[in-house]
2 protein chains.
Amino acid sequence: MVMPKPAARSYHHGNLRQALLEAALELAQQRGPEGVSVREAARRLGVSPAAPFRHFPNRRALMTAMAEEASERLRIEVRKSLTREKGNALERLSSVGRGYLQWARRHPSHFRIISARDQIDIAGSAALVRNVEEVRDLTVQALRAAQAQGLIAAELDAAALALLARATVYGLARMQLDDHFGQWGIAPAAVPAAMNATLALLVTLMAATAKLDRA
Amino acid sequence: MVMPKPAARSYHHGNLRQALLEAALELAQQRGPEGVSVREAARRLGVSPAAPFRHFPNRRALMTAMAEEASERLRIEVRKSLTREKGNALERLSSVGRGYLQWARRHPSHFRIISARDQIDIAGSAALVRNVEEVRDLTVQALRAAQAQGLIAAELDAAALALLARATVYGLARMQLDDHFGQWGIAPAAVPAAMNATLALLVTLMAATAKLDRA
DNA sequence: ACCTGAACACCGTTCAAGT
DNA sequence: ACCTGAACACCGTTCAAGT
(Lines give C-alpha, C1' and ligand atoms only; values in the text may rest on other atoms or scores of the structure.)
Protein backbone atom coordinates (compact mmCIF):
# COMPACT_ATOMS: atom_id res chain seq x y z
CA MET A 1 0.00 0.00 0.00
CA VAL A 2 2.98 2.30 0.37
CA MET A 3 3.98 4.03 -2.86
CA PRO A 4 7.68 3.64 -3.67
CA LYS A 5 9.72 6.78 -3.22
CA PRO A 6 10.14 8.68 -6.50
CA ALA A 7 13.83 8.28 -7.44
CA ALA A 8 15.66 6.49 -4.67
CA ARG A 9 16.06 2.70 -5.09
CA SER A 10 13.59 2.68 -7.95
CA TYR A 11 15.85 0.02 -9.53
CA HIS A 12 13.84 -2.56 -7.72
CA HIS A 13 11.01 -2.12 -10.14
CA GLY A 14 12.01 -2.34 -13.75
CA ASN A 15 15.23 -0.48 -14.46
CA LEU A 16 17.74 -2.70 -12.67
CA ARG A 17 18.99 -3.87 -16.03
CA GLN A 18 19.93 -0.35 -17.12
CA ALA A 19 21.31 0.49 -13.67
CA LEU A 20 23.55 -2.59 -13.87
CA LEU A 21 24.90 -1.47 -17.23
CA GLU A 22 25.70 1.94 -15.79
CA ALA A 23 27.33 0.53 -12.66
CA ALA A 24 29.34 -1.91 -14.79
CA LEU A 25 30.54 0.90 -17.03
CA GLU A 26 31.62 2.86 -13.98
CA LEU A 27 33.56 -0.17 -12.76
CA ALA A 28 35.15 -0.59 -16.19
CA GLN A 29 36.25 3.04 -16.08
CA GLN A 30 37.70 2.63 -12.62
CA ARG A 31 39.33 -0.81 -12.94
CA GLY A 32 39.28 -1.82 -16.59
CA PRO A 33 37.02 -4.48 -18.16
CA GLU A 34 38.54 -7.33 -16.10
CA GLY A 35 37.67 -5.38 -12.97
CA VAL A 36 33.96 -5.47 -13.68
CA SER A 37 32.38 -7.61 -10.98
CA VAL A 38 28.74 -8.59 -11.02
CA ARG A 39 28.73 -8.77 -7.24
CA GLU A 40 30.27 -5.34 -6.86
CA ALA A 41 27.78 -3.83 -9.30
CA ALA A 42 24.94 -5.41 -7.29
CA ARG A 43 26.46 -4.13 -4.05
CA ARG A 44 26.66 -0.58 -5.37
CA LEU A 45 23.02 -0.74 -6.37
CA GLY A 46 21.95 -2.18 -3.04
CA VAL A 47 20.61 -5.44 -4.42
CA SER A 48 21.55 -9.02 -3.62
CA PRO A 49 24.39 -10.78 -5.47
CA ALA A 50 21.86 -12.97 -7.23
CA ALA A 51 19.63 -10.16 -8.51
CA PRO A 52 21.68 -9.37 -11.66
CA PHE A 53 21.18 -12.92 -12.88
CA ARG A 54 17.51 -12.19 -13.49
CA HIS A 55 18.58 -9.69 -16.17
CA PHE A 56 21.75 -11.25 -17.57
CA PRO A 57 22.31 -15.02 -17.75
CA ASN A 58 25.97 -14.53 -16.86
CA ARG A 59 28.78 -12.00 -16.56
CA ARG A 60 29.63 -12.41 -20.23
CA ALA A 61 26.12 -11.33 -21.26
CA LEU A 62 26.45 -8.18 -19.16
CA MET A 63 29.77 -7.36 -20.82
CA THR A 64 28.27 -8.06 -24.24
CA ALA A 65 25.37 -5.69 -23.56
CA MET A 66 27.91 -2.98 -22.70
CA ALA A 67 29.77 -3.71 -25.94
CA GLU A 68 26.52 -3.35 -27.86
CA GLU A 69 25.99 0.15 -26.52
CA ALA A 70 29.61 1.02 -27.23
CA SER A 71 29.59 -0.24 -30.81
CA GLU A 72 26.42 1.73 -31.45
CA ARG A 73 28.11 4.93 -30.31
CA LEU A 74 31.20 4.22 -32.38
CA ARG A 75 29.06 3.64 -35.45
CA ILE A 76 27.27 6.94 -34.89
CA GLU A 77 30.55 8.82 -34.36
CA VAL A 78 32.07 7.48 -37.58
CA ARG A 79 28.89 8.30 -39.48
CA LYS A 80 28.88 11.81 -38.10
CA SER A 81 32.49 12.34 -39.03
CA LEU A 82 31.63 11.26 -42.60
CA THR A 83 28.62 13.54 -42.79
CA ARG A 84 30.73 16.56 -41.90
CA GLU A 85 33.34 15.70 -44.52
CA LYS A 86 32.82 17.58 -47.78
CA GLY A 87 36.01 16.52 -49.56
CA ASN A 88 36.69 13.80 -52.14
CA ALA A 89 36.74 10.05 -51.58
CA LEU A 90 40.29 10.13 -50.26
CA GLU A 91 39.31 12.69 -47.68
CA ARG A 92 36.24 10.64 -46.80
CA LEU A 93 38.51 7.67 -46.19
CA SER A 94 40.68 9.72 -43.84
CA SER A 95 37.57 10.94 -42.14
CA VAL A 96 36.41 7.44 -41.27
CA GLY A 97 39.80 6.67 -39.78
CA ARG A 98 39.99 9.93 -37.84
CA GLY A 99 36.47 9.47 -36.48
CA TYR A 100 37.26 5.94 -35.36
CA LEU A 101 40.49 6.98 -33.66
CA GLN A 102 38.97 10.02 -32.03
CA TRP A 103 36.21 7.94 -30.51
CA ALA A 104 38.73 5.34 -29.32
CA ARG A 105 40.72 8.11 -27.63
CA ARG A 106 37.76 9.81 -26.01
CA HIS A 107 36.07 6.64 -24.81
CA PRO A 108 38.91 4.30 -23.89
CA SER A 109 36.77 2.21 -21.52
CA HIS A 110 34.11 1.66 -24.15
CA PHE A 111 36.72 0.88 -26.77
CA ARG A 112 38.41 -1.58 -24.42
CA ILE A 113 35.13 -3.39 -23.94
CA ILE A 114 34.52 -3.74 -27.68
CA SER A 115 38.05 -5.04 -28.05
CA ALA A 116 37.87 -7.52 -25.19
CA ARG A 117 36.75 -10.40 -27.37
CA ASP A 118 37.54 -12.87 -24.62
CA GLN A 119 35.03 -11.23 -22.31
CA ILE A 120 32.17 -10.64 -24.71
CA ASP A 121 30.18 -12.90 -27.01
CA ILE A 122 30.41 -11.02 -30.26
CA ALA A 123 28.83 -13.68 -32.47
CA GLY A 124 25.93 -13.92 -30.05
CA SER A 125 24.92 -10.32 -30.57
CA ALA A 126 23.40 -9.41 -33.91
CA ALA A 127 23.47 -5.70 -33.01
CA LEU A 128 27.16 -5.84 -32.25
CA VAL A 129 27.98 -7.62 -35.50
CA ARG A 130 25.87 -5.14 -37.47
CA ASN A 131 27.49 -2.08 -35.92
CA VAL A 132 31.00 -3.39 -36.49
CA GLU A 133 30.14 -4.33 -40.07
CA GLU A 134 28.77 -0.91 -40.87
CA VAL A 135 32.00 0.79 -39.85
CA ARG A 136 33.93 -1.61 -42.05
CA ASP A 137 31.59 -1.01 -44.98
CA LEU A 138 32.08 2.75 -44.79
CA THR A 139 35.83 2.21 -45.11
CA VAL A 140 35.51 -0.16 -48.04
CA GLN A 141 33.07 2.15 -49.84
CA ALA A 142 35.34 5.18 -49.52
CA LEU A 143 38.26 3.13 -50.83
CA ARG A 144 36.32 1.86 -53.83
CA ALA A 145 35.13 5.37 -54.62
CA ALA A 146 38.71 6.66 -54.45
CA GLN A 147 39.81 4.01 -56.91
CA ALA A 148 36.85 4.69 -59.21
CA GLN A 149 37.71 8.40 -59.22
CA GLY A 150 41.36 7.70 -60.05
CA LEU A 151 42.62 8.92 -56.67
CA ILE A 152 44.18 5.52 -55.92
CA ALA A 153 45.64 3.21 -58.59
CA ALA A 154 42.82 1.00 -59.90
CA GLU A 155 45.08 -2.05 -60.25
CA LEU A 156 45.50 -2.36 -56.49
CA ASP A 157 43.31 -4.99 -54.83
CA ALA A 158 40.46 -3.20 -53.04
CA ALA A 159 40.23 -5.87 -50.34
CA ALA A 160 43.96 -5.65 -49.62
CA LEU A 161 43.78 -1.85 -49.36
CA ALA A 162 40.85 -2.10 -46.98
CA LEU A 163 42.65 -4.61 -44.78
CA LEU A 164 45.76 -2.42 -44.70
CA ALA A 165 43.67 0.60 -43.71
CA ARG A 166 41.88 -1.34 -40.99
CA ALA A 167 45.05 -2.93 -39.61
CA THR A 168 46.67 0.50 -39.38
CA VAL A 169 43.74 2.16 -37.65
CA TYR A 170 43.08 -0.74 -35.30
CA GLY A 171 46.80 -1.01 -34.61
CA LEU A 172 46.99 2.67 -33.65
CA ALA A 173 43.98 2.40 -31.38
CA ARG A 174 45.37 -0.72 -29.68
CA MET A 175 48.83 0.79 -29.31
CA GLN A 176 47.20 3.47 -27.22
CA LEU A 177 45.16 1.01 -25.14
CA ASP A 178 48.21 -1.18 -24.62
CA ASP A 179 50.43 1.76 -23.72
CA HIS A 180 52.89 1.45 -26.58
CA PHE A 181 53.27 5.15 -27.36
CA GLY A 182 55.43 5.90 -24.36
CA GLN A 183 58.02 3.47 -25.62
CA TRP A 184 57.86 5.15 -29.01
CA GLY A 185 58.79 8.46 -27.43
CA ILE A 186 55.34 9.93 -27.94
CA ALA A 187 53.89 11.81 -24.95
CA PRO A 188 50.15 11.39 -24.21
CA ALA A 189 49.42 14.92 -25.42
CA ALA A 190 51.11 14.17 -28.74
CA VAL A 191 49.21 10.93 -29.38
CA PRO A 192 46.24 12.37 -31.30
CA ALA A 193 48.55 14.25 -33.68
CA ALA A 194 50.76 11.19 -34.15
CA MET A 195 47.73 9.03 -34.94
CA ASN A 196 46.40 11.48 -37.50
CA ALA A 197 49.84 11.96 -39.05
CA THR A 198 50.21 8.19 -39.45
CA LEU A 199 46.80 7.97 -41.04
CA ALA A 200 47.59 10.90 -43.33
CA LEU A 201 50.85 9.25 -44.35
CA LEU A 202 49.03 6.04 -45.31
CA VAL A 203 46.53 7.98 -47.41
CA THR A 204 49.39 9.92 -49.03
CA LEU A 205 51.10 6.66 -49.93
CA MET A 206 47.89 5.32 -51.43
CA ALA A 207 47.36 8.52 -53.40
CA ALA A 208 50.93 8.38 -54.71
CA THR A 209 50.05 5.25 -56.67
CA ALA A 210 47.58 7.24 -58.75
CA LYS A 211 50.31 9.66 -59.80
CA LEU A 212 52.44 6.71 -60.91
CA ASP A 213 49.49 5.52 -62.99
CA ARG A 214 49.51 8.75 -64.92
CA ALA A 215 53.27 8.69 -65.48
CA MET B 1 68.59 -38.80 6.10
CA VAL B 2 66.54 -40.04 3.13
CA MET B 3 67.81 -38.76 -0.21
CA PRO B 4 65.12 -37.12 -2.34
CA LYS B 5 64.05 -39.20 -5.33
CA PRO B 6 65.86 -38.11 -8.50
CA ALA B 7 63.24 -36.45 -10.72
CA ALA B 8 59.78 -36.82 -9.19
CA ARG B 9 58.56 -33.82 -7.17
CA SER B 10 62.04 -32.32 -7.19
CA TYR B 11 60.29 -28.90 -7.44
CA HIS B 12 60.35 -28.77 -3.72
CA HIS B 13 64.03 -28.00 -3.78
CA GLY B 14 64.99 -25.27 -6.13
CA ASN B 15 63.09 -25.38 -9.40
CA LEU B 16 59.59 -24.54 -8.25
CA ARG B 17 59.99 -21.15 -9.88
CA GLN B 18 60.59 -22.67 -13.31
CA ALA B 19 57.89 -25.29 -12.78
CA LEU B 20 55.41 -22.52 -11.95
CA LEU B 21 56.29 -20.69 -15.17
CA GLU B 22 55.67 -23.87 -17.15
CA ALA B 23 52.39 -24.65 -15.38
CA ALA B 24 51.24 -21.05 -15.86
CA LEU B 25 52.05 -21.20 -19.57
CA GLU B 26 50.07 -24.42 -19.87
CA LEU B 27 47.13 -22.69 -18.16
CA ALA B 28 47.48 -19.72 -20.51
CA GLN B 29 47.34 -22.07 -23.48
CA GLN B 30 44.28 -23.81 -22.12
CA ARG B 31 42.30 -20.82 -20.80
CA GLY B 32 43.98 -17.66 -22.02
CA PRO B 33 46.01 -15.23 -19.88
CA GLU B 34 43.06 -14.32 -17.65
CA GLY B 35 42.63 -17.99 -16.87
CA VAL B 36 46.05 -18.27 -15.27
CA SER B 37 45.46 -18.97 -11.59
CA VAL B 38 48.28 -19.09 -9.05
CA ARG B 39 46.30 -21.53 -6.95
CA GLU B 40 45.61 -23.84 -9.88
CA ALA B 41 49.30 -23.81 -10.89
CA ALA B 42 50.25 -24.70 -7.31
CA ARG B 43 47.63 -27.44 -7.25
CA ARG B 44 48.95 -28.99 -10.46
CA LEU B 45 52.46 -29.02 -9.00
CA GLY B 46 51.29 -30.53 -5.74
CA VAL B 47 52.36 -27.60 -3.57
CA SER B 48 50.35 -25.45 -1.20
CA PRO B 49 48.52 -22.32 -2.44
CA ALA B 50 51.01 -20.15 -0.56
CA ALA B 51 54.17 -21.74 -1.99
CA PRO B 52 54.28 -19.71 -5.23
CA PHE B 53 54.47 -16.49 -3.21
CA ARG B 54 58.01 -17.42 -2.13
CA HIS B 55 59.04 -17.09 -5.80
CA PHE B 56 56.78 -14.34 -7.10
CA PRO B 57 55.55 -11.48 -4.93
CA ASN B 58 52.18 -11.61 -6.68
CA ARG B 59 50.29 -12.94 -9.68
CA ARG B 60 51.36 -9.97 -11.77
CA ALA B 61 55.06 -10.80 -11.23
CA LEU B 62 54.44 -14.36 -12.43
CA MET B 63 52.73 -13.06 -15.55
CA THR B 64 55.55 -10.58 -16.13
CA ALA B 65 58.15 -13.34 -15.88
CA MET B 66 56.24 -15.26 -18.55
CA ALA B 67 56.18 -12.13 -20.71
CA GLU B 68 59.95 -11.80 -20.31
CA GLU B 69 60.51 -15.28 -21.70
CA ALA B 70 58.06 -14.60 -24.52
CA SER B 71 59.63 -11.28 -25.53
CA GLU B 72 63.04 -12.95 -25.57
CA ARG B 73 61.78 -15.58 -27.99
CA LEU B 74 60.13 -12.97 -30.21
CA ARG B 75 63.36 -10.98 -30.34
CA ILE B 76 65.32 -14.09 -31.34
CA GLU B 77 62.76 -15.02 -34.02
CA VAL B 78 62.85 -11.56 -35.60
CA ARG B 79 66.66 -11.54 -35.51
CA LYS B 80 66.75 -14.98 -37.15
CA SER B 81 64.37 -13.89 -39.86
CA LEU B 82 66.67 -10.91 -40.57
CA THR B 83 69.79 -13.07 -40.66
CA ARG B 84 68.27 -15.30 -43.31
CA GLU B 85 67.26 -12.34 -45.47
CA LYS B 86 69.82 -11.59 -48.18
CA GLY B 87 67.86 -8.90 -50.05
CA ASN B 88 67.97 -5.11 -49.93
CA ALA B 89 66.79 -2.83 -47.12
CA LEU B 90 63.20 -2.98 -48.33
CA GLU B 91 63.26 -6.76 -48.18
CA ARG B 92 64.88 -6.60 -44.76
CA LEU B 93 62.00 -4.40 -43.59
CA SER B 94 59.46 -6.95 -44.87
CA SER B 95 61.45 -9.66 -43.18
CA VAL B 96 61.16 -8.04 -39.77
CA GLY B 97 57.40 -7.76 -40.21
CA ARG B 98 56.99 -11.31 -41.47
CA GLY B 99 59.10 -12.71 -38.65
CA TYR B 100 57.05 -10.80 -36.08
CA LEU B 101 53.75 -11.95 -37.56
CA GLN B 102 54.86 -15.54 -37.98
CA TRP B 103 55.89 -15.71 -34.34
CA ALA B 104 52.60 -14.14 -33.26
CA ARG B 105 50.72 -16.77 -35.26
CA ARG B 106 52.73 -19.72 -34.01
CA HIS B 107 52.78 -18.71 -30.38
CA PRO B 108 49.43 -17.05 -29.76
CA SER B 109 49.51 -17.68 -26.02
CA HIS B 110 52.91 -16.11 -25.65
CA PHE B 111 51.92 -13.19 -27.86
CA ARG B 112 48.75 -12.69 -25.84
CA ILE B 113 50.79 -12.48 -22.67
CA ILE B 114 53.14 -9.85 -24.07
CA SER B 115 50.12 -7.89 -25.23
CA ALA B 116 48.24 -8.15 -21.95
CA ARG B 117 49.59 -4.91 -20.57
CA ASP B 118 46.98 -4.86 -17.86
CA GLN B 119 48.23 -8.14 -16.45
CA ILE B 120 51.97 -7.58 -16.64
CA ASP B 121 54.28 -4.89 -15.28
CA ILE B 122 56.18 -3.94 -18.38
CA ALA B 123 58.03 -0.94 -16.93
CA GLY B 124 59.12 -3.05 -13.98
CA SER B 125 61.06 -5.47 -16.18
CA ALA B 126 64.25 -4.17 -17.78
CA ALA B 127 64.57 -7.36 -19.85
CA LEU B 128 61.08 -6.95 -21.25
CA VAL B 129 61.68 -3.31 -22.17
CA ARG B 130 65.00 -4.20 -23.80
CA ASN B 131 63.57 -7.02 -25.91
CA VAL B 132 60.67 -4.92 -27.13
CA GLU B 133 63.01 -2.04 -27.92
CA GLU B 134 65.33 -4.20 -29.96
CA VAL B 135 62.53 -5.35 -32.24
CA ARG B 136 61.52 -1.75 -32.77
CA ASP B 137 65.10 -0.71 -33.51
CA LEU B 138 65.47 -3.37 -36.20
CA THR B 139 62.41 -1.93 -37.95
CA VAL B 140 63.65 1.65 -37.73
CA GLN B 141 67.12 0.69 -38.98
CA ALA B 142 65.77 -1.14 -42.02
CA LEU B 143 63.57 1.84 -42.85
CA ARG B 144 66.43 4.33 -42.55
CA ALA B 145 68.63 2.14 -44.74
CA ALA B 146 65.87 1.92 -47.36
CA GLN B 147 65.64 5.71 -47.44
CA ALA B 148 69.42 6.10 -47.58
CA GLN B 149 69.54 3.72 -50.54
CA GLY B 150 66.81 5.60 -52.36
CA LEU B 151 64.30 2.75 -52.07
CA ILE B 152 61.84 4.98 -50.19
CA ALA B 153 61.49 8.72 -50.78
CA ALA B 154 63.98 10.51 -48.54
CA GLU B 155 61.61 13.41 -47.81
CA LEU B 156 59.25 11.18 -45.83
CA ASP B 157 59.60 11.40 -42.06
CA ALA B 158 61.44 8.27 -40.86
CA ALA B 159 59.63 8.27 -37.51
CA ALA B 160 56.23 8.49 -39.20
CA LEU B 161 57.09 5.62 -41.55
CA ALA B 162 58.24 3.50 -38.62
CA LEU B 163 55.03 4.19 -36.69
CA LEU B 164 52.94 3.31 -39.73
CA ALA B 165 54.83 0.05 -40.17
CA ARG B 166 54.46 -0.83 -36.51
CA ALA B 167 50.77 0.07 -36.34
CA THR B 168 50.11 -2.12 -39.38
CA VAL B 169 52.02 -5.13 -38.08
CA TYR B 170 50.68 -4.83 -34.54
CA GLY B 171 47.20 -4.26 -35.91
CA LEU B 172 47.38 -7.44 -37.99
CA ALA B 173 48.64 -9.48 -35.06
CA ARG B 174 45.90 -8.14 -32.79
CA MET B 175 43.20 -8.65 -35.40
CA GLN B 176 44.08 -12.32 -35.28
CA LEU B 177 44.13 -12.47 -31.47
CA ASP B 178 40.86 -10.59 -31.28
CA ASP B 179 39.20 -12.77 -33.95
CA HIS B 180 38.58 -10.06 -36.52
CA PHE B 181 39.52 -12.01 -39.62
CA GLY B 182 36.36 -14.08 -39.67
CA GLN B 183 34.30 -10.93 -40.04
CA TRP B 184 36.58 -9.86 -42.88
CA GLY B 185 35.75 -13.02 -44.76
CA ILE B 186 39.20 -14.50 -44.23
CA ALA B 187 39.31 -18.15 -43.17
CA PRO B 188 41.90 -19.21 -40.57
CA ALA B 189 43.92 -21.06 -43.20
CA ALA B 190 44.10 -17.88 -45.31
CA VAL B 191 45.24 -15.61 -42.48
CA PRO B 192 49.02 -16.01 -42.92
CA ALA B 193 48.78 -15.19 -46.63
CA ALA B 194 46.49 -12.21 -45.96
CA MET B 195 48.90 -10.86 -43.36
CA ASN B 196 51.87 -11.16 -45.67
CA ALA B 197 49.95 -9.65 -48.59
CA THR B 198 48.98 -6.66 -46.44
CA LEU B 199 52.56 -6.20 -45.35
CA ALA B 200 53.77 -6.53 -48.95
CA LEU B 201 51.22 -3.93 -50.05
CA LEU B 202 52.49 -1.45 -47.46
CA VAL B 203 56.08 -1.97 -48.58
CA THR B 204 55.00 -1.57 -52.21
CA LEU B 205 53.30 1.71 -51.39
CA MET B 206 56.41 2.93 -49.60
CA ALA B 207 58.59 1.91 -52.52
CA ALA B 208 56.29 3.71 -54.97
CA THR B 209 57.31 7.03 -53.43
CA ALA B 210 60.90 6.46 -54.59
CA LYS B 211 59.73 6.08 -58.19
CA LEU B 212 57.88 9.38 -57.88
CA ASP B 213 61.10 10.94 -56.64
CA ARG B 214 62.81 9.98 -59.82
CA ALA B 215 59.98 11.21 -62.02
C1' DA C 1 7.88 -11.12 -12.20
C1' DC C 2 11.55 -9.90 -9.55
C1' DC C 3 14.45 -10.26 -5.61
C1' DT C 4 16.67 -12.39 -1.21
C1' DG C 5 19.58 -15.58 1.56
C1' DA C 6 22.31 -19.15 1.81
C1' DA C 7 25.28 -22.11 -0.30
C1' DC C 8 29.13 -24.03 -3.45
C1' DA C 9 33.36 -23.99 -5.58
C1' DC C 10 36.45 -20.97 -6.72
C1' DC C 11 40.12 -16.72 -6.40
C1' DG C 12 44.80 -13.78 -4.54
C1' DT C 13 47.25 -12.92 -0.59
C1' DT C 14 48.99 -13.02 4.31
C1' DC C 15 51.03 -15.04 8.19
C1' DA C 16 52.30 -17.94 11.89
C1' DA C 17 54.17 -22.28 12.19
C1' DG C 18 56.77 -26.19 10.66
C1' DT C 19 61.13 -28.65 8.32
C1' DA D 1 65.59 -21.22 2.78
C1' DC D 2 61.46 -23.06 1.46
C1' DC D 3 56.96 -24.82 2.28
C1' DT D 4 52.38 -25.86 4.87
C1' DG D 5 47.78 -24.84 6.95
C1' DA D 6 44.59 -21.91 8.11
C1' DA D 7 42.54 -17.74 7.50
C1' DC D 8 40.53 -13.37 5.16
C1' DA D 9 38.11 -11.00 1.82
C1' DC D 10 36.87 -11.63 -2.41
C1' DC D 11 34.66 -13.98 -7.00
C1' DG D 12 30.51 -16.18 -10.44
C1' DT D 13 26.64 -18.88 -10.21
C1' DT D 14 22.66 -21.74 -8.50
C1' DC D 15 18.50 -22.48 -6.16
C1' DA D 16 14.90 -22.69 -2.88
C1' DA D 17 12.21 -19.45 -0.72
C1' DG D 18 9.98 -15.07 -0.18
C1' DT D 19 7.00 -10.73 -1.95
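In what follows, chains are A, B, ... by sequence order, proteins preceding strands, each numbered from 1. Scope of the values below: all heavy atoms of this structure, side chains included, with no hydrogens, waters or symmetry mates.
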Hey, is the side chain of B/H55 poking within less than 4.0 Å of OP1 or OP2 on D/dA1, counting only N and O atoms?
no
Output every pair passing ring-ring contact (aromatic ring centres under 6.0 Å, His included) with a member in residues 49-92 of chain B, not counting sequence neighbours, ordered by first then second residue.
none
In DNA chain D, stems of three or more consecutive pairs, Watson-Crick or G-U, each with both distances under 3.5 Å, turn out to be C:4-8 with D:12-16, C:12-16 with D:4-8
No-hydrogen, no-angle side-chain donor-acceptor test under 3.5 Å, B/T64 and B/S125:
no
Residue pairs meeting ring-ring contact (aromatic ring centres under 6.0 Å, His included), one or both in residues 157-203 of chain B, sequence neighbours left out, come to A/Y170-B/H180, A/H180-B/Y170
Quick one: list whatever passes salt bridge (charged side-chain N to carboxylate O under 4.0 Å, His left out) with B/D178, sequence neighbours left out.
A/R174, B/R174
Can A/R92 and A/E85 be counted as an ion pair, charged N to O under 4.0 angstrom?
no
Here the gap from B/T198 atom OG1 to A/L163 atom CG, rounded to the nearest 0.5 Å, amounts to 3.5 Å
Could you tell me which residues satisfy salt bridge (charged side-chain N to carboxylate O under 4.0 Å, His left out) with A/R73, sequence neighbours excluded, listed by chain and number?
A/E69
Its contact letters, B for base, S for sugar-phosphate only and - for none at protein heavy atoms under 4.0 Å, make nucleotides 6-19 of chain D read -B---BBBBB----
Roughly how many Å is it from CZ in B/R17 to P in D/dA1, rounded to a whole number?
17 Å
Pick from A/N58, A/V36, A/V38, A/D118: which one makes a side-chain contact (heavy atoms from CB on, under 4.5 Å) with A/M63?
A/V36
Quick one: B/F56 CZ to D/dC2 C1', roughly how many Å, whole number?
14 Å
